[in-house]
2 protein chains.
Amino acid sequence: MDQIDAEPVATLVGPLARRDDWAADRCSLAKALEVVGTRSAMLLMREAFYGTRRFDDFARRVGITEAVAATRLRGLVDAGLLTRRPYREPGRRTRQEYVLTPMGRDLAPAAVALMQWGDRYLADADGPPVVLAHAGCDEPVHVAVTCAAGHEVALGDVTVSVARRRTA
Amino acid sequence: MDQIDAEPVATLVGPLARRDDWAADRCSLAKALEVVGTRSAMLLMREAFYGTRRFDDFARRVGITEAVAATRLRGLVDAGLLTRRPYREPGRRTRQEYVLTPMGRDLAPAAVALMQWGDRYLADADGPPVVLAHAGCDEPVHVAVTCAAGHEVALGDVTVSVARRRTA
DNA sequence: CGCCTGACTAGGGGATGCCATAGCCAGAGA
DNA sequence: TCTCTGGCTATGGCATCCCCTAGTCAGGCG
């Protein structure tokens with residue numbers, strides 16, 4: 001251990017304790033960042049969570065140019081977070097809309113976690129601009145790390161260990 | 001509403017329902033991304049969560065050059081996620097270490113949420129490389145959006161509304 | 001006093017992200 | 001058939017991110 005004092009960080013167990021022997025290139029966080037690691041990609045996902053579907057709404061609401069929106073949306077479709085789907089309003093021509101897939105929808109906790117962190121530490125004097133609540137009980141929502149038994153887990157109580165490989 | 005069918009997305013209530021009247025530039029998610037919106041910044045935070053403290057360990061384990069590590073670490077210190085602290089091992093010269101602040105520590109749920117999403121959708125055939133568990137009960141941890149009453153909340157059950165401003 | 005090491009800084013260059021302006025194409029309405 | 005609009009694509013340019021290869025600086029040790 002190269003810990004000097006007992007700062008609450010995660011505990012690495014098993015082979016991971018020798019950090020430099022472990023290749024971080026398989027890290028799922030790194031892989032996730034390859035897909036949604038840009039500002040524009042994550043903000044486009046925010047819009048998708050808010051129900052935006054049309055190309056120019058995405059571009060305008062995120063505040064990026066249509067060229068960037070086209071590139072980024074194509075990337076998100078290719079990665080599987082959104083699907084392109086033609087639709088038709090009566091009296092209008094056929095259009096494409098970008099709709100969340102389950103994979104895209106499952107990114108919501110990460111986006112909410114980032115938003116919550118921003119609310120807490122980066123909001124201006126007026127406080128956070130929006131509040132997320134549970135439609136059922138009207139209580140505000142928050143994101144937390146919990147274990148299967150339902151305990152909320154602090155960083156200092158997390159252990160990190162190598163997973164058993166699915167394949168030999 | 002420009003919803004075509006009932007996809008489970010968040011429901012915007014009040015003034016927010018007219019999306020284009022709402023300026024997204026105060027969005028906390030956007031602000032968070034200004035701080036940790038780059039791949040290297042988030043991966044440096046991952047290392048910090050794992051207990052890394054020394055400059056060259058950060059650079060080597062994240063797989064970035066020392067120049068990038070220096071710039072990014074300075075940014076994280078300036079933003080308040082890490083502090084620089086001199087320390088001294090006996091017989092060694094004084095060094096600087098980078099230690100998590102409470103602000104940095106509170107980013108952990110967002111990082112875990114992204115990692116969990118990557119585990120689920122982006123892992124290779126071997127499955128995710130590491131498993132996070134609760135030190136107390138050994139159960140794997142996961143990140144979820146919950147309300148104050150403890151209910152796990154799906155995206156479709158989230159409402160988004162304007163916050164009451166802290167200041168007039 | 002001079003070497004060595006840890007912790008950076010400097011410089012040069014390629015790739016990506018973003019912006020602004022302009023153009024293209026399909027299809028509905030006139 | 002002509003026009004208009006939504007939904008993109010194209011071009012050119014600046015900024016940022018990242019890499020690689022040095023070089024610098026402080027301080028403990030021989």
Side-chain angles (χ1 to χ4, degrees), chain A residues 2 4 19-20 24-25 27 30 33-48 52-79 82-99, chain B residues 2 4 19-20 24-25 27 30 33-48 52-79 82-99:
Chain A
D2 61 356
I4 305 304
R19 275 309 315 284
D20 293 324
D25 62 331
C27 172
L33 291 172
E34 310 249 313
V35 178
V36 289
T38 68
R39 179 184 154 80
S40 53
M42 190 63 93
L43 293 181
L44 286 169
M45 292 308 296
R46 177 198 71 192
E47 285 307 316
T52 298
R53 298 177 164 213
R54 284 172 46 175
F55 178 84
D56 60 336
D57 287 337
F58 275 112
R60 194 182 54 261
R61 290 171 184 171
V62 170
I64 57 181
T65 62
E66 296 183 339
V68 173
T71 306
R72 213 58 62 217
L73 285 170
R74 201 179 315 122
L76 292 170
V77 168
D78 289 349
L82 301 174
T83 44
R84 254 166 75 100
R85 192 163 80 179
Y87 76 103
R88 175 85 184 265
E89 288 173 23
R92 298 301 194 89
R93 51 176 288 201
T94 303
R95 289 176 187 150
Q96 299 294 327
E97 57 178 3
Y98 295 86
V99 185
Chain B
D2 61 358
I4 304 303
R19 277 306 317 282
D20 294 324
D25 62 332
C27 173
L33 291 171
E34 310 249 313
V35 178
V36 289
T38 67
R39 179 185 155 79
S40 53
M42 190 62 93
L43 292 181
L44 285 169
M45 292 308 295
R46 177 198 70 191
E47 284 308 316
T52 298
R53 296 176 167 215
R54 284 172 46 176
F55 178 83
D56 60 337
D57 287 339
F58 275 113
R60 194 181 55 261
R61 291 171 182 170
V62 171
I64 57 181
T65 63
E66 296 183 339
V68 174
T71 305
R72 213 58 63 214
L73 284 170
R74 201 179 314 123
L76 292 170
V77 168
D78 290 349
L82 301 174
T83 43
R84 254 166 75 100
R85 193 164 79 179
Y87 75 105
R88 174 86 183 265
E89 288 173 22
R92 298 301 195 89
R93 51 176 289 202
T94 303
R95 291 176 186 149
Q96 299 294 325
E97 56 178 4
Y98 295 87
V99 185

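In what follows, chains are A, B, ... by sequence order, proteins preceding strands, each numbered from 1.
- A close approach under 4.0 Å does occur between a side-chain nitrogen or oxygen of A/Arg54 and OP1 or OP2 of D/dG7.
- Checked against side-chain contact (heavy atoms from CB on, under 4.5 Å), A/Thr71 has no partners two or more places apart in sequence or in another chain.
- Atom CZ of B/Arg85 and atom P of C/dA7 are 15 Å apart (whole Å).
- Between the CG atom of B/Leu44 and the P atom of C/dC8 there is a distance of 13 Å, rounded to whole Å.
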Legend entry - Contact letters for nucleotides 8-24 of chain D, in which S counts primed atoms plus P, OP1 and OP2 and B counts the base, heavy atoms under 4.0 Å: BBB------SSBB----

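- Relative orientation of the B/Tyr98 and B/Phe58 rings is perpendicular, given thresholds of 30° and 60° on the angle between their planes.
- For the atom pair CG (B/Asp56) and CD (B/Glu66), the distance works out to 7.0 Å, reported to the nearest 0.5 Å.
- C/dG6 atom P lies 17 Å from atom CG of B/Leu73, rounded to whole Å.
- For the side-chain hydrogen bond (donor to acceptor under 3.5 Å, both in side chains) test, no residue two or more places apart in sequence or in another chain qualifies with B/Arg74.
- Taking 4.5 Å as the limit, some side-chain heavy atom of A/Leu44 sits within range of a side-chain heavy atom of A/Ile64.
- The interatomic distance linking B/Phe58 (CZ) with C/dA7 (P) rounds to 11 Å, in whole Å.
- Residues that satisfy the side-chain contact (heavy atoms from CB on, under 4.5 Å) test with A/Glu34, not counting sequence neighbours, are B/Arg39.
- When rounded to the nearest whole Å, the span between CZ of A/Arg60 and P of D/dT5 equals 15 Å.
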